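Read through the structure below, which is laid out as structure tokens, and then see the notes.
Throughout, protein chains are lettered first and strands after them, A, B, ... in sequence-line order, and every chain is numbered starting at 1. The shown structure was predicted, so the numbers you read here are calculated from the model rather than taken from an experiment.
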Amino acid sequence: MGKLEIQYLPYQQIRQRAEDFLLRYHPSKELPVPIEEIVEFKLGVDIVPIPNLQRDFEIEGFTSSDLKTIYVDQFILSERPTRYRFTLAHEIGHIVLHKRIFKEIRISSVKSWKTFVDLVDPQDYSALEFQGYAFGGLILVPPSELKRLMEINLPDIKHLIKISKSRNIDRDQYLDYAKEKIAQELAPIFDVSTEVIVKRLEYDKLERLIP
Amino acid sequence: MAQKMTFGRFLKKMREKKGLSLRRFCMENNIDPGNFSKLERGLISPPQSREKLEQYASYLEIEKGSDDWYEYFDLAAAHTGKIPADLMEDDELVKKLPLVFRTIRGQKVSKNKLDKLAEVIRKS
């Protein structure tokens, strides 16, 4: 109990799984990705809001061990739509990537569940969470769309970069600003936070397009 | 095997027909999503008042006098007198317990909070 048979998936592999998922459940590629509808109507997973889940347990959401329900903090569902969307996408990551692990763990009672949660190796836990996080970002911000929209928005940034260079400001110093600026433009299109876009620019190595 | 149609399942079917997610449907109609989710899952009884039932029917755009209209009211009536299982049995609860949680800091939930969490899930 407590040792998970975790497969350490490289980012490229998670990316491929996310692309396969979108091809199957959202082939139109229309943005923003209708994640709630995919969860409820295409995957047939119930969404159950729980009041004060975050306040009392610091939990934003979780998937039931039978993979049929995603529980979410009710305040996030009602008041933080981009956070809510990401929570759902992250949980889908667990459903898609960790189905086998979930099925192999046989929890027979609340007591055995508590023992399991207590004994899970923190590194295994972090790996599962990272994979869910990466998958969530990849389905809400599909790689091909991110690259396409970034290229459309680059000319505006290049103008600012030109000014920076004329003032002898190094790339290292304006890079964060440039990424944030792009994220501000793209986040509403994907209906995610700017933080998700910035992370994706880094993971997908798209920041190299910024001169 | 097809599941037996219940009032809650019918609500969800009609919401799905409109293509409205739980959040959107509840936001648009100023309904508490926690309660509506419980209604859909049969954890609380359909509203007693005809007025309230008609209000939900209008939100779901169920046409008055249509087959859906009659089925909706029949299912609500069929539920009358049944006491919903407002608390999950242990074997059902075990299936709903999480193995990983999305926490703010990406950390595990402390052991002393797990009993409380299980009870919250049981009531949700």
Is it the case that atom [atom1] in [X] sees more than 12 heavy atoms from other parts of the structure closer than 6.0 Å?
X	atom1	value
A:Lys29	NZ	no
A:Glu195	CD	no
B:Lys18	NZ	yes
A:Glu104	CD	yes

> Residues in side-chain hydrogen bond (donor to acceptor under 3.5 Å, both in side chains) with B:Ser21, at least two apart?
Replying inline: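 If we apply the side-chain hydrogen bond (donor to acceptor under 3.5 Å, both in side chains) test to B:Ser21, skipping adjacent residues, the hits are A:Glu36.
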> Quick one: side-chain hydrogen bond (donor to acceptor under 3.5 Å, both in side chains) partners of A:Asp172, sequence neighbours excluded?
Replying inline: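 Testing A:Asp172 for side-chain hydrogen bond (donor to acceptor under 3.5 Å, both in side chains), a comparison that skips the adjacent residues, returns none.
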Mind checking the [atom1]-[atom2] spacing from [X] to [Y]? Nearest 0.5 Å is all I need.
X	Y	atom1	atom2	value
B:Leu117	A:Asp56	CG	CG	10.0 Å
B:Met27	A:Ser78	CE	OG	3.5 Å
A:Ile76	B:Arg23	CD1	CZ	12.5 Å
A:Phe41	B:Leu20	CZ	CG	7.0 Å
A:Glu40	B:Glu40	CD	CD	7.0 Å
A:Thr63	B:Leu97	OG1	CG	13.0 Å

> Side chain, backbone, both or neither: which part of B:Leu93 has an atom under 4.5 Å from a heavy atom of chain A?
Replying inline: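 For B:Leu93, side-chain heavy atoms alone lie under 4.5 Å from chain A.
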> If you count heavy-atom pairs under 4.5 Å between each of A:Thr69, A:Ile47, A:Val117 and chain B, which one has the most?
Replying inline: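 Top option by heavy-atom pairs under 4.5 Å: A:Val117.
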>> For the backbone of B:Pro98 and the side chain of A:Trp113, can you confirm whether one donor and one acceptor N or O come within less than 3.5 Å of each other?
In response: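 The answer is yes, because a donor-acceptor pair under 3.5 Å joins these two groups.
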> Judged by atom type as modelled, is there a donor-acceptor pair below 3.5 Å linking the side chain of A:Ser65 to the main-chain atoms of B:Lys95?
Replying inline: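 Yes.
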Toward chain B, the part of [X] with a non-hydrogen atom under 4.5 Å:
X	result
A:Ser108	backbone
A:Tyr84	side chain
A:Asn52	neither
A:Leu128	side chain
A:Leu67	neither

Non-hydrogen atoms of [X] and [Y] that approach each other most closely:
X	Y	answer
A:Val110	B:Ala118	CG1-CB, 4.2 Å
B:Val100	A:Phe62	O-CB, 3.6 Å
B:Arg41	A:Asp46	CD-OD2, 4.0 Å
A:Ser109	B:Val94	CA-CG2, 3.7 Å

>> Quick check on the structure: residues of residues 8-17 of chain B within a heavy-atom distance below 4.5 Å of chain A, by number.
In response: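 If one takes a 4.5 Å heavy-atom cut-off, the residues of residues 8-17 of chain B near chain A are B:Lys12, B:Arg15, B:Glu16.
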> Among residues 57-74 of chain B, which residues come closer than 4.5 Å to chain A, judged by heavy atom distances?
Replying inline: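 Within residues 57-74 of chain B, no residue comes under 4.5 Å of chain A, counting heavy atoms only.
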> Is it the case that B:Lys96 places NZ or CZ above or below the six-membered ring of A:Tyr71, under 6.0 angstrom from the centre and within 45 degrees of the axis?
Replying inline: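 Relative to the ring axis of A:Tyr71, which defines the angle, B:Lys96 lies outside at least one limit.
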> Are A:Ile107 and B:Leu99 side-chain neighbours, meaning at least one heavy-atom pair lies under 4.5 Å?
Replying inline: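 They are in contact (side-chain heavy atoms under 4.5 Å apart), so the answer is yes.
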